[in-house]
Participant: 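Below you will find the structure I want to go over with you.
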Amino acid sequence: MARTPLKRRLAAIMATDVVGYSRLMEADEEATLASVKAMQEELIRPNVEREGGRVFKLMGDGTLAVFDSVNGAVECAIAIQGELMRQREGSRLVLRIGINRPMFWSMVPTYSATE
């Protein structure tokens, strides 16, 4: 039987959230959903990928992305907020971004030559 050792991995998790999402949805659900989806696909995802990260969860108005380094996550957050500031004139969306540095334990299968 193969033994599966645990491997530690540090990663940076970036979470984004639209400020006032419930209020915006109440005021104009269709426009809010279209704006959030466009922001996720045209702003967040490209910046995450450019900085070496990967979006692993979309949750309505929020996203979760993982990076191998805190630097990548911070650079991504700065780029996203910079682009939003340039767009903010007349824009309805304000984005809150947080970064966390958890340690993950993952199962890494190993096999011997006799298996």
Side-chain angles (χ1 to χ4, degrees):
M1 176 162 214
R3 184 168 173 228
T4 307
L6 291 175
K7 180 181 176 187
R8 285 192 315 179
R9 175 178 177 237
L10 287 174
I13 303 295
M14 183 182 80
T16 68
D17 170 65
V18 175
V19 175
Y21 180 70
S22 295
R23 178 182 45 79
L24 293 168
M25 287 292 283
E26 187 177 303
D28 189 346
E29 184 176 333
E30 220 172 278
T32 300
L33 281 174
S35 295
V36 169
K37 285 184 179 195
M39 181 180 61
Q40 288 171 335
E41 291 305 315
E42 298 166 13
L43 177 65
I44 295 173
R45 189 178 301 275
N47 278 290
V48 167
E49 291 171 356
R50 187 175 307 116
E51 295 299 334
R54 179 179 60 86
V55 173
F56 68 91
K57 187 161 186 149
L58 298 174
M59 308 160 295
D61 69 321
T63 60
L64 291 175
V66 63
F67 296 82
D68 288 333
S69 75
V70 172
N71 290 348
V74 170
E75 291 297 324
C76 180
I78 290 169
I80 289 169
Q81 291 292 20
E83 287 186 43
L84 280 175
M85 289 302 291
R86 287 188 288 281
Q87 295 175 4
R88 181 115 348 120
E89 196 70 34
S91 174
R92 300 162 32 97
L93 300 179
V94 176
L95 196 63
R96 186 174 19 231
I97 300 177
I99 298 170
N100 188 15
R101 176 93 175 175
M103 184 180 302
F104 292 99
W105 292 92
S106 61
M107 304 291 275
V108 180
T110 57
Y111 303 97
S112 69
T114 60
E115 293 178 296

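Only heavy atoms go into these numbers, but all of them, side chains included; no hydrogens, no water, no symmetry mates. What you see is a predicted model; the values in this text were computed from it and never measured. Note that the numbering runs from 1 along the sequence shown for the chain.
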Participant: R50: what forms a salt bridge (charged side-chain N to carboxylate O under 4.0 Å, His left out) with it, not counting sequence neighbours?
Facilitator: none

Participant: If every non-hydrogen atom of N47 is compared with every non-hydrogen atom of A79, which pair is closest and at what distance?
Facilitator: OD1-CB, 3.4 Å

Participant: Partners of T32 by side-chain contact (heavy atoms from CB on, under 4.5 Å), sequence neighbours excluded?
Facilitator: Y21, L24, M25, V36, R92

Participant: Return the minimal non-hydrogen interatomic distance between A73 and A12, and the atom names on each side.
Facilitator: CB-CB, 4.0 Å

Participant: Output, in order, the C-alpha distance, side-chain angles, deciding distance and verdict of side-chain contact (heavy atoms from CB on, under 4.5 Å) for V74 and I99.
Facilitator: CA-CA 8 Å; V74 170; I99 298 170; 3.8 Å; yes

Participant: CE of M39 to CD1 of I44: how many Å apart, nearest 0.5 Å?
Facilitator: 4.0 Å

Participant: State which residues pass side chain to side chain donor-acceptor pair (under 3.5 Å) with E41; sequence neighbours excluded, sorted by chain then number.
Facilitator: R45

Participant: Residues in side chain to side chain donor-acceptor pair (under 3.5 Å) with D28, at least two apart?
Facilitator: none

Participant: To the nearest 0.5 Å, how far apart are SG in C76 and CD in Q81?
Facilitator: 10.0 Å

Participant: Indicate yes or no: at least one non-hydrogen side-chain atom of V55 is less than 4.5 angstrom from one of L64.
Facilitator: no

Participant: For V66 and A11, work out which heavy atoms get closest and say how close.
Facilitator: CG2-CB, 3.7 Å

Participant: Can you tell me if T16 uses its side chain to pair, donor with acceptor, with the backbone of T63 under 3.5 Å?
Facilitator: yes

Participant: Restricting to side-chain contact (heavy atoms from CB on, under 4.5 Å), what partner residues turn up for E42, sequence neighbours left out?
Facilitator: A38

Participant: What pairs with R96 under side chain to side chain donor-acceptor pair (under 3.5 Å), at least two apart in sequence or on another chain?
Facilitator: D17

Participant: Any salt bridge (charged side-chain N to carboxylate O under 4.0 Å, His left out) pairs touching residues 57-79, not counting sequence neighbours?
Facilitator: R9-D68

Participant: Over all heavy atoms of both residues, which pair between M14 and F67 is shortest? Give the atoms and the distance, please.
Facilitator: CB-CE1, 3.8 Å

Participant: Can you find a pair of side-chain heavy atoms, one from L95 and one from I97, that are under 4.5 Å apart?
Facilitator: yes

